[in-house]
Amino acid sequence: MRQAAIQRTTKETDVSVTLCLDGGEVNVSTGIGFFDHMLTALAFYAGFGLELSALGDLHVDGHHTVEDAGIVLGQAFKQALGDKTGIRRFGAAFVPMDEALCRTVLDLSNRPYLVFDAPMPQSAIGGYDSCLTAEFMRAFAVNGGITLHQKCEYGDNAHHITEALFKSLGLALKQAVGVEGEGVTSTKGAL
């Protein structure tokens, strides 16, 4: 089983993640309802088993909790992938969500980079600041060793845009972690 467990404790947050790339239960608790919904959708569409709990300084705002969840989930993802033998490596997905259409394209290259082009028409979704989606994606990509490109083609509702971004990320990850060979998918022979 390709799995990992990581815990990170700082003065701002305490985040614990257990991740299995080959499936399992999904339980997420961060204290931010919409973010829990997004992480659950991500894991569901990726086909991952995920246990994630975060206690953060929500009396300040959600930034530290969301960013640190991305850091720890990225670290767990990278560890669970191991040497990446046989994985497809690349993934891409479009997801429509009512009036919104978003795409995710990624490479599990171990060369972290984020290109994020998804303006949010509303600044908040419930108790979740819309700008935190980019913060999560950056933390996840950098710590997971992922080249990640996300774009909202169009959309008027920040809830729909954000949900399409998380779901398309899940679908693209499911493709990329799929095992279809025996060697490393690289002309260099290593990732």
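Computed from a predicted structure; not experimentally measured. Values below: every heavy atom of this structure, side chains too, minus hydrogens, waters and symmetry copies.
Proximity of a side-chain donor or acceptor of Asp22 to a complementary backbone N or O of Arg2 within less than 3.5 Å is detected. Here the side chain of Asp61 pairs a donor or acceptor atom with the backbone of His63 at under 3.5 angstrom. The backbone N or O of Thr85 sits less than 3.5 Å from a side-chain atom of Asp83, completing a donor-acceptor pair. In this structure, the side chain of Thr10 engages the main chain of Glu12 through a donor-acceptor pair within 3.5 Å. Listed for the Tyr128 side chain is no donor-acceptor partner under 3.5 Å among the backbone atoms of Gly62. Glu67 places no side-chain N or O within donor-acceptor distance of the main-chain N or O of Phe136, the cut-off being under 3.5 Å. A donor-acceptor pair is defined here as one N or O able to donate and one able to accept, closer than 3.5 Å; such a pair exists between the side chain of Asn157 and the backbone of His160. Under a 3.5 Å cut-off, the side chain of Gln175 and the backbone N or O of Ala92 do form a donor-acceptor pair. Side-chain N or O atoms of Ser168 include one that pairs as donor or acceptor with a backbone N or O of Leu165 at under 3.5 Å.
Taking every heavy atom of both residues into account, Ser109 and Arg89 meet most closely at CB-NH2, 4.0 Å. Between Ser130 and Ala124 the shortest heavy-atom distance is OG-N, 3.6 Å. Of all non-hydrogen atoms in Ala176 and Gly91, the two that sit nearest each other are CB-N, 4.0 Å. Nearest heavy atoms, Pro119 versus Ile161: O-CD1, 3.8 Å. Heavy-atom minimum distance, Ala69 versus Val15: CA-CG1, 4.1 Å. Taking every heavy atom of both residues into account, Val142 and Pro112 meet most closely at CA-CB, 3.5 Å.
In this structure, Leu132 CG and His64 NE2 are separated by 10.5 Å, a value rounded to the nearest 0.5 Å. Distance CG/Asn143 to CD1/Ile71: 5.5 Å, rounded to 0.5 Å. For the atom pair Asn110 CG and Leu81 CG, the distance stands at 9.5 Å (nearest 0.5 Å). Annotation: the span from Leu52 atom CG to Ser29 atom OG amounts to 8.5 Å, rounded to 0.5 Å. In this structure, the separation between CZ on Phe166 and CD on Gln150 is 8.0 Å, given to the nearest 0.5 Å. With rounding to the nearest 0.5 Å, the separation of OG in Ser16 from CG in Leu55 is 10.0 Å.
By the salt bridge (charged side-chain N to carboxylate O under 4.0 Å, His left out) test, Lys78 pairs with no residue at all, sequence neighbours left out. Applying the side-chain hydrogen bond (donor to acceptor under 3.5 Å, both in side chains) rule to His159 yields the partners Glu163; only residues at least two apart in sequence or on another chain are considered. Residues forming a salt bridge (charged side-chain N to carboxylate O under 4.0 Å, His left out) with Asp156 (at least two apart in sequence, or on another chain): none.
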Exercise for the section: Kindly determine whether Leu148 and Phe116 satisfy side chain to side chain contact (heavy atoms under 4.5 Å, CB included), including the steps that lead there. Expected result: CA-CA 8 Å; Leu148 176 60; Phe116 186 87; over 6 Å; no
Practice task
Give the C-alpha distance, both sets of side-chain angles, the deciding distance and a yes or no for side chain to side chain contact (heavy atoms under 4.5 Å, CB included) between Asp68 and Arg8.
Solution key: CA-CA 8 Å; Asp68 288 7; Arg8 180 176 191 261; 3.1 Å; yes
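The hydrophobic cluster containing Tyr113 also includes Val115, under a criterion of side-chain heavy atoms closer than 4.5 Å among ILVMFWY residues, counted directly or through chains of members. The hydrophobic cluster containing Leu101 also includes Phe94, Tyr154, under a criterion of side-chain heavy atoms closer than 4.5 Å among ILVMFWY residues, counted directly or through chains of members.
A donor-acceptor pair shorter than 3.5 Å cannot be found between the side chains of Thr147 and Asp107.
The shortest distance between side-chain heavy atoms of Thr104 and His149 does not fall below 4.5 Å. Taking 4.5 Å as the limit, every side-chain heavy atom of Val95 sits out of range of all side-chain heavy atoms of Arg103. Residues Met120 and Thr133 are in side-chain contact: their nearest non-hydrogen atoms beyond the backbone lie under 4.5 Å apart. Using a 4.5 Å cut-off on side-chain heavy atoms (C-beta onward), Gln7 and Val72 make no contact.
Hydrophobic clustering (side-chain heavy atoms under 4.5 Å, transitive across Ile, Leu, Val, Met, Phe, Trp, Tyr) groups Leu19 together with Leu106. Residues Leu73 and Phe77 share a hydrophobic cluster, clusters being chains of Ile/Leu/Val/Met/Phe/Trp/Tyr side chains in contact below 4.5 Å. A continuous path of Ile, Leu, Val, Met, Phe, Trp and Tyr side chains, each step under 4.5 Å between heavy atoms, connects Val177 with Ile146, placing both in one hydrophobic cluster. In the hydrophobic clustering of ILVMFWY residues, with side-chain heavy atoms under 4.5 Å counting as a link, Met137 and Leu173 come out together. Met97 and Leu171 are not part of a single hydrophobic cluster, where members link through side-chain heavy atoms under 4.5 Å apart.
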Donor-acceptor pairs are to be reported for all side-chain atoms of residues 31-48 against protein atoms at under 3.5 Å, with residues two or more places apart or in another chain.
| from | atom 1 | to | atom 2 | distance (Å) |
| --- | --- | --- | --- | --- |
| Asp36 | OD1 | Thr30 | N | 2.9 |
| Asp36 | OD1 | Thr30 | OG1 | 2.5 |
| Thr40 | OG1 | Asp36 | O | 2.8 |

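More than 12 heavy-atom neighbours from other residues, nucleotides or ligands sit within 6.0 angstrom of NZ on Lys151.
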